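Report on one structure; see the data block that follows.
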Amino acid sequence: MPLLFGADANTPFIDALDFAYTRTHWHTGDRHLQGERGDDILFGPWKMHDLDDALRRWLKLHRHKFQASKPSAEAAIPHWKSLSPARRLRREREVPLAITHRTGKRKNSPGTGRRFDSVWVSRHWVVRHIEHLYEEGIEAGSDHAPVKVDLDLTALPGKEEESG
């Protein structure tokens with residue numbers, strides 16, 4: 001059965017290109033969860049469902065387009081220019097795959113760019129294109145970006161996306 005869902009998940013904390021290195025905010029095993037499961041069971045590398053992050057699915061075939069559109073560290077992390085080289089190296093992993101929200105936004109700081117909004121799809125869907133429209137969301141009065149995804153329902157589950 002074809003499935004898809006969109007989420008304003010307020011996670012991940014680290015949105016790594018290699019999904020295995022993604023880290024959620026409320027990670028299973030964290031002390032503050034007192035033994036309960038965290039958001040990693042839905043949005044982390046050890047998720048309990050078979051849905052894929054539509055952006056990562058699209059990136060598998062369009063990595064060259066991603067390199068040109070990925071947010072810069074300077075755009076995602078406040079005061080980037082004033083950080084020491086060692087601190088830049090540590091913080092660079094926090095640069096999200098796209099920006100859909102900013103945390104810690106203040107009058108004198110744009111906040112930290114995060115990709116908290118995502119679309120997850122089953123193998124039945126082909127991801128033709130995906131956009132994260134942060135500026136358009138802000139202009140419309142939201143503090144989150146709409147995520148626009150062009151999907152095709154395939155006749156064969158698991159059909160690979162075609163490039164182009």
Side-chain angles (χ1 to χ4, degrees), residues 1-60 63 66 70-80 82-125 127 130-138 140-149 151 157-158:
M1 172 183 355
L3 298 172
L4 71 96
F5 78 87
D8 166 4
N10 288 333
T11 201
F13 177 67
I14 297 172
D15 189 22
L17 183 57
D18 182 343
F19 191 49
Y21 295 107
T22 294
R23 177 75 177 190
T24 61
H25 279 96
W26 296 87
H27 193 75
T28 299
D30 286 350
R31 278 195 316 243
H32 61 271
L33 293 178
Q34 302 175 348
E36 296 295 323
R37 293 179 178 177
D39 58 3
D40 55 314
I41 66 169
L42 289 176
F43 302 106
W46 301 280
K47 58 188 173 52
M48 296 179 59
H49 56 78
D50 291 329
L51 302 179
D52 295 319
D53 176 359
L55 177 59
R56 283 192 175 84
R57 173 103 58 89
W58 185 81
L59 286 174
K60 283 182 184 178
R63 191 149 311 195
F66 169 68
K70 183 179 185 216
S72 68
E74 192 172 337
I77 299 172
H79 313 296
W80 177 258
S82 66
L83 297 177
S84 70
R87 186 128 168 94
R88 283 184 183 189
L89 189 60
R90 285 194 302 274
R91 300 262 341 245
E92 195 166 329
R93 69 186 185 134
E94 295 176 29
V95 177
L97 300 178
I99 294 175
T100 67
H101 182 70
R102 290 191 175 273
T103 58
K105 196 173 180 181
R106 304 284 183 268
K107 187 168 99 173
N108 61 348
S109 172
T112 301
R114 306 273 187 209
R115 184 174 69 105
F116 282 174
D117 304 275
S118 56
V119 174
W120 294 76
V121 297
S122 65
R123 68 186 187 281
H124 305 87
W125 297 100
V127 180
I130 186 165
E131 292 181 79
H132 299 81
L133 306 170
Y134 182 72
E135 294 304 324
E136 289 86 340
I138 297 301
S142 178
D143 63 344
H144 286 263
V147 180
K148 181 179 172 183
V149 186
L151 299 170

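Values in this document were obtained by computation on a predicted structure and should not be read as measured data.
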Which atom pair, heavy atoms only, marks the closest approach of [X] to [Y]?
{"X": "P45", "Y": "A20", "result": "CG-O, 3.7 Å"}
{"X": "I41", "Y": "R37", "result": "CD1-CD, 3.9 Å"}
{"X": "S109", "Y": "G104", "result": "OG-O, 4.3 Å"}

Listed by chain and number, what are the side-chain hydrogen bond (donor to acceptor under 3.5 Å, both in side chains) partners of [X], not counting sequence neighbours?
{"X": "N10", "answer": "none"}
{"X": "T22", "answer": "R56"}
{"X": "R102", "answer": "none"}
{"X": "T28", "answer": "D40"}

Can you name the residues that form a ring pair (Phe, Tyr, Trp, His ring centres under 6.0 Å) with F116, not counting sequence neighbours? H25, H101

Has the side chain of T100 got a donor or acceptor atom that lies under 3.5 Å from a matching backbone atom of D117?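 Such a contact is found between T100 side chain and D117 backbone.
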
Can you list the residues that meet the side chain to side chain contact (heavy atoms under 4.5 Å, CB included) rule with [X], with sequence neighbours excluded?
{"X": "A7", "answer": "F5, A9, F43, S118"}
{"X": "P2", "answer": "S122, H124, W125, L153"}
{"X": "K60", "answer": "none"}
{"X": "I130", "answer": "A54, L55, W58, H132, V147, V149"}

With side chain to side chain contact (heavy atoms under 4.5 Å, CB included) as the test, pick out the partner of R115 among T11, I99, D53.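 It is D53; the other options fail the test.
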
Does the side chain of D52 come within less than 4.5 Å of R123's, by heavy atoms?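 Counting from C-beta outward, R123 and D52 never come under 4.5 Å.
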
Report yes if some heavy atom in the side chain of H27 is under 4.5 Å from a heavy atom in the side chain of F13; otherwise report no. no

Do other residues, nucleotides or ligands put more than 12 heavy atoms under 6.0 Å from the CZ atom of F19? yes

Please report the interatomic distance CG(L59) to CZ(R57), rounded to the nearest 0.5 Å. 12.0 Å

With R114, which residues qualify under salt bridge (Lys or Arg N to Asp or Glu O under 4.0 Å), at least two apart?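 Not a single residue meets the salt bridge (Lys or Arg N to Asp or Glu O under 4.0 Å) criterion with R114.
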
Go through the steps to decide whether L151 and V127 satisfy the test side-chain contact (heavy atoms from CB on, under 4.5 Å), and finish with yes or no. CA-CA 5 Å; L151 299 170; V127 180; 3.8 Å; yes

Qualifying salt bridge (charged side-chain N to carboxylate O under 4.0 Å, His left out) pairs, either residue in residues 16-33, two or more places apart: R23-D30

